Amino acid sequence: MAEGGSGDMDDAGDCSGAKYNDWSDDDNDDDDSNESKTIVWYPPWARIGTEAGTRARARARARANRARQAVQKRASPNSNDTVLSPQELQKVLCLVEMSEKPYILEAALIALGNNAAYAFNRDIIRDLGGLPVVAKILNTRDPIVKEKALIVLNNLSVNTENQRRLQIYMNQVCDDTVTSRLNSSVQLAGLRLLTNMTVTNEYQHILANSISDFFRLFSAGNEETKLQVLKLLLNLAENPAMPRELLRAQVPASLGSLFDKKENQEVILKLLIIFEHINNNFKWEENEPTQNQFGEGSLFFFLKEFQVCADKVLGTESHHDFLVKAEVEKFMAKLAEHMFPKNQE
């Protein structure tokens with residue numbers, strides 16, 4: 001499914017506006033080989049280019065296929081359709097709840113994730129008690145199974161009532177996300193779920209104490225991680241109740257280095273949009289003296305010293321992207337109105 005989202009969300013997950021939704025839609029993929037690839041785990045000894053590795057990888061593919069077929073047969077013995085009935089979904093949920101074999105769990109979670117991409121199934125899975133069953137899988141140490149569980153919850157979260165019930169797991173998902181291996185599939189799946197859970201303003205406060213961790217992931221992560229963190233931070237920045245939490249977040253010193261080099265244009269522009277929302281939403285005139293309310297190393301002090309970054313971007317030795325330079329100039333002008341008013345010059 002395409003990404004895009006908004007503050008208001010109905011049970012069908014229809015969203016509009018600037019906020020970000022991220023969910024997975026695998027139900028249009030009718031290629032069995034592609035589906036098999038998503039559930040294949042290769043053991044460490046299955047090294048490519050060795051005879052033993054080739055055999056091990058073949059066994060892993062065969063086992064994954066058998067697991068997928070077994071789950072499909074147990075859920076719907078007379079049908080190969082992707083969309084399962086409530087009775088079939090109940091059988092898959094029983095597999096998730098009872099099975100201890102990772103490859104069975106993985107196949108069952110993929111089946112649930114595919115079905116959770118349909119709006120009508122999100123209510124059915126919830127009514128069958130599926131939310132806590134899937135959420136319990138988050139305690140597993142198997143990263144592949146955990147990723148599949150996060151994908152299921154992500155698809156289920158495109159639903160107002162499901163969000164209300166899933167909020168109790170946000171702290172756990174947040175902790176797992178920031179402590180997972182950098183740029184890993186588990187980390188990205190966790191970020192996508194948290195992005196969906198912050199499409200509306202109701203549950204954003206739960207993440208207030210983790211904003212510093214998100215900025216750390218943004219600075220250290222690869223381009224995919226950076227963009228996913230930015231979607232989450234943009235949801236927070238658009239909420240008029242969140243600018244103080246964002247401004248007090250500790251940010252790495254390396255954040256400014258993004259403007260020193262040829263960083264991806266989309267990354268820089270989205271970061272500037274976030275800064276602009278924070279600047280617009282914070283009631284500067286009601287919070288004087290503001291400087292005493294934020295610690296050294298906070299985003300507030302980073303913005304206060306942003307002039308240094310701006311000079312580098314606007315100079316001839318650094319960023320040559322015209323659009324980036326134009327956005328930096330526009331943001332600096334707006335920032336100066338609040339942080340450097342004329343009566344203080």
Side-chain angles (χ1 to χ4, degrees), residues 3 18-20 22 174 177-184 187-188 190-192 194-195 198 207 210-239 242-282 294-336 338-340:
E3 61 186 37
K19 290 196 176 180
Y20 282 96
D22 276 289
C174 192
T177 298
V178 299
T179 57
S180 292
R181 182 170 56 84
L182 185 64
N183 305 321
S184 65
Q187 188 170 83
L188 287 168
L191 287 170
R192 292 187 184 102
L194 293 173
T195 300
T198 54
L207 303 182
S210 300
I211 296 175
S212 298
D213 293 319
F214 296 141
F215 274 108
R216 177 180 58 80
L217 291 183
F218 171 76
S219 294
N222 61 19
E223 186 173 304
E224 187 176 10
T225 298
K226 279 182 167 65
L227 288 171
Q228 194 58 56
V229 172
L230 287 174
K231 293 175 185 179
L232 173 56
L233 290 176
L234 183 56
N235 283 353
L236 302 182
E238 289 184 334
N239 181 357
M242 291 298 289
R244 178 180 299 280
E245 306 298 337
L246 288 157
L247 284 169
R248 75 177 186 182
Q250 294 291 302
V251 298
S254 59
L255 187 62
S257 66
L258 287 172
F259 301 93
D260 294 347
K261 56 186 179 181
K262 266 289 186 181
E263 182 65 54
N264 179 291
Q265 180 199 69
E266 185 180 5
V267 170
I268 294 182
L269 292 178
K270 276 186 168 59
L271 185 60
L272 288 171
I273 291 172
I274 290 169
F275 289 168
E276 188 171 347
H277 280 302
I278 295 172
N279 185 45
N280 291 340
N281 286 332
F282 189 64
F294 304 98
E296 293 288 342
S298 66
L299 181 61
F300 174 85
F301 277 91
F302 174 83
L303 293 179
K304 193 173 180 64
E305 299 170 3
F306 186 78
Q307 183 69 51
V308 176
C309 300
D311 288 343
K312 292 180 179 179
V313 176
L314 299 175
T316 58
E317 298 179 357
S318 184
H319 219 288
H320 301 289
D321 191 295
F322 175 79
L323 183 57
V324 169
K325 291 185 177 184
E327 288 299 317
V328 169
E329 286 183 322
K330 184 175 75 171
F331 173 67
M332 280 301 301
K334 291 184 177 181
L335 188 65
H338 295 135
M339 299 194 76
F340 313 109

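This is a predicted model, so every value here is computed, not measured.
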Under 3.5 Å, is there a donor-acceptor pair between the side chain of Ser184 and the main chain of Gln187?
-> yes
Paired with Phe275, the side-chain contact (heavy atoms from CB on, under 4.5 Å) test is passed by just one of Leu335, Leu303, Asn280, namely Leu303
Taking the inter-plane angle between the rings of Phe294 and Phe300 on a 0 to 90° scale, is it parallel (under 30°), tilted (30 to 60°) or perpendicular (over 60°)?
-> parallel
Is there a side-chain contact (heavy atoms from CB on, under 4.5 Å) between Leu299 and Ile211 once you walk through the steps?
-> CA-CA 10 Å; Leu299 181 61; Ile211 296 175; over 6 Å; no
Which heavy-atom pair separates Leu255 from Leu271 by the least distance, and what is that distance?
-> CD1-CD2, 4.3 Å
Atom CG of Leu188 and atom CG of Asn222: how far apart are they, to the nearest 0.5 Å?
-> 7.0 Å
Can you name the one residue among Glu327, Glu329, Glu276 that meets salt bridge (Lys or Arg N to Asp or Glu O under 4.0 Å) with Lys334?
-> Glu276
Could you walk me through whether Phe301 and Glu296 pass the side-chain contact (heavy atoms from CB on, under 4.5 Å) check?
-> CA-CA 7 Å; Phe301 277 91; Glu296 293 288 342; 4.0 Å; yes
Would you say the side chain of Arg216 lies within less than 4.5 Å of the side chain of Val178, judging by non-hydrogen atoms?
-> yes
Check against side-chain contact (heavy atoms from CB on, under 4.5 Å), Leu234 and His277 | CA-CA 8 Å; Leu234 183 56; His277 280 302; 3.5 Å; yes
Work out which heavy atom in Ala237 is nearest to a heavy atom in Leu246; give both atom names and the distance.
-> CA-CD1, 3.6 Å
Hey, does Met332 have a side-chain heavy atom less than 4.5 Å from the side chain of Gln307?
-> yes
For the residue pair Lys226 and Leu258, establish whether any side-chain heavy-atom pair is separated by less than 4.5 Å.
-> yes
How far does CG of Asn239 sit from CG of Asn281, to the nearest 0.5 angstrom?
-> 7.5 Å
Atom CD in Gln228, atom CG in Leu217: separation rounded to 0.5 Å?
-> 11.5 Å
Does Leu232 reach the side chain of Leu207, with side-chain heavy atoms less than 4.5 Å apart?
-> yes
Validation row: Asn183, Glu224 side chains within 4.5 angstrom (heavy atoms) = no
Heavy-atom distance under 4.5 Å between the side chains of Leu230 and Ile273, does that happen here?
-> no
Which atoms form the tightest heavy-atom contact between Cys174 and Phe214, and what is the distance?
-> SG-CZ, 3.7 Å
So which heavy atom on Cys309 is nearest to which on Gly256, and how close?
-> SG-CA, 3.7 Å
Between atom CG of Leu227 and atom CD of Glu266, what is the distance when rounded to the nearest 0.5 Å?
-> 4.5 Å
Distance col, row Thr198:OG1 vs Glu238:CD, nearest 0.5 angstrom, shows 10.0 Å
Trace of the side-chain contact (heavy atoms from CB on, under 4.5 Å) decision for Val251 with Phe218 = CA-CA 10 Å; Val251 298; Phe218 171 76; over 6 Å; no
